[in-house]
Amino acid sequence: MGINRLCWDLINLIPGPDSEISHTRLTELLEAVYRRDELPESFTRKVLNQLERLAYVAEPQLSVKKIDRVYYYKWSEDAARLPIVRNNSKR
C-alpha cells in the first residue's frame with residue numbers, strides 16, 4: 001500500500017521544528033484541490049483521519065498538540081534529516 005497524494009501534500013505542508021500549523025489551516029490549504037463536492041465537515045474529518053494515521057506512523061518525529069478542539073502539527077528536530085521533510089529544515 002502506498003501513500004496517497006493527500007498524505008504527501010500533508011507531509012510537505014507540515015512545518016519544521018520552529019513553527020506549527022493547525023489542522024484547520026491545513027484543511028484550508030488543501031480543500032481547493034481535494035474537496036470536490038464533499039461537505040466541508042466531511043473533508044475536515046478526512047484530513048484529520050489522514051493526520052492521525054501519519055502521526056501514528058511517524059510518532060517520534062511528528063509532534064501533535066491539541067488545544068481545545070484544534071490540533072497543531074510540526075516536525076521535530078530529528079525529522080529535519082528525513083528526505084521526505086528536507087524542504088522544511090533549516091539550510
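For Tyr71, the ring pair (Phe, Tyr, Trp, His ring centres under 6.0 Å) partners at least two apart in sequence or on another chain are His23. Not counting sequence neighbours, the partners of Ile21 by the side chain to side chain contact (heavy atoms under 4.5 Å, CB included) test are Pro15, Arg25, Leu26, Leu29. Scored by the side chain to side chain contact (heavy atoms under 4.5 Å, CB included) test, Thr24 finds Ser22 as partners (sequence neighbours excluded). Residues that satisfy the side chain to side chain contact (heavy atoms under 4.5 Å, CB included) test with Glu31, not counting sequence neighbours, are Arg35, Phe43. Every residue was checked against the salt bridge (charged side-chain N to carboxylate O under 4.0 Å, His left out) condition with Glu52, not counting sequence neighbours, and none meets it. Every residue two or more places apart in sequence or in another chain was checked for a salt bridge (charged side-chain N to carboxylate O under 4.0 Å, His left out) with Arg53, and none qualifies.
Within the model, atoms OH of Tyr73 and NZ of Lys66 stand 10.0 Å from one another, a figure rounded to the nearest 0.5 Å.
In this structure, Lys74 and Ile14 approach most closely via the heavy-atom pair CA-CG2, 3.7 Å. For the residue pair Cys7 and Leu54, the shortest heavy atom distance occurs at SG-CD1, 4.3 Å.
Judged by distance alone, the side chain of Asn4 and the main-chain N or O of Leu6 form a donor-acceptor pair under 3.5 Å.
In this structure, Arg5 and Val33 have side chains that are not in contact, with every pair of non-hydrogen atoms separated by 4.5 Å or more. In this structure, the side chains of Tyr72 and Val64 stay at 4.5 Å or more apart for every pair of heavy atoms.
Using a 4.5 Å cut-off between side-chain heavy atoms of Ile, Leu, Val, Met, Phe, Trp and Tyr, with links allowed through other members, Val57 and Ile11 fall into different hydrophobic clusters.
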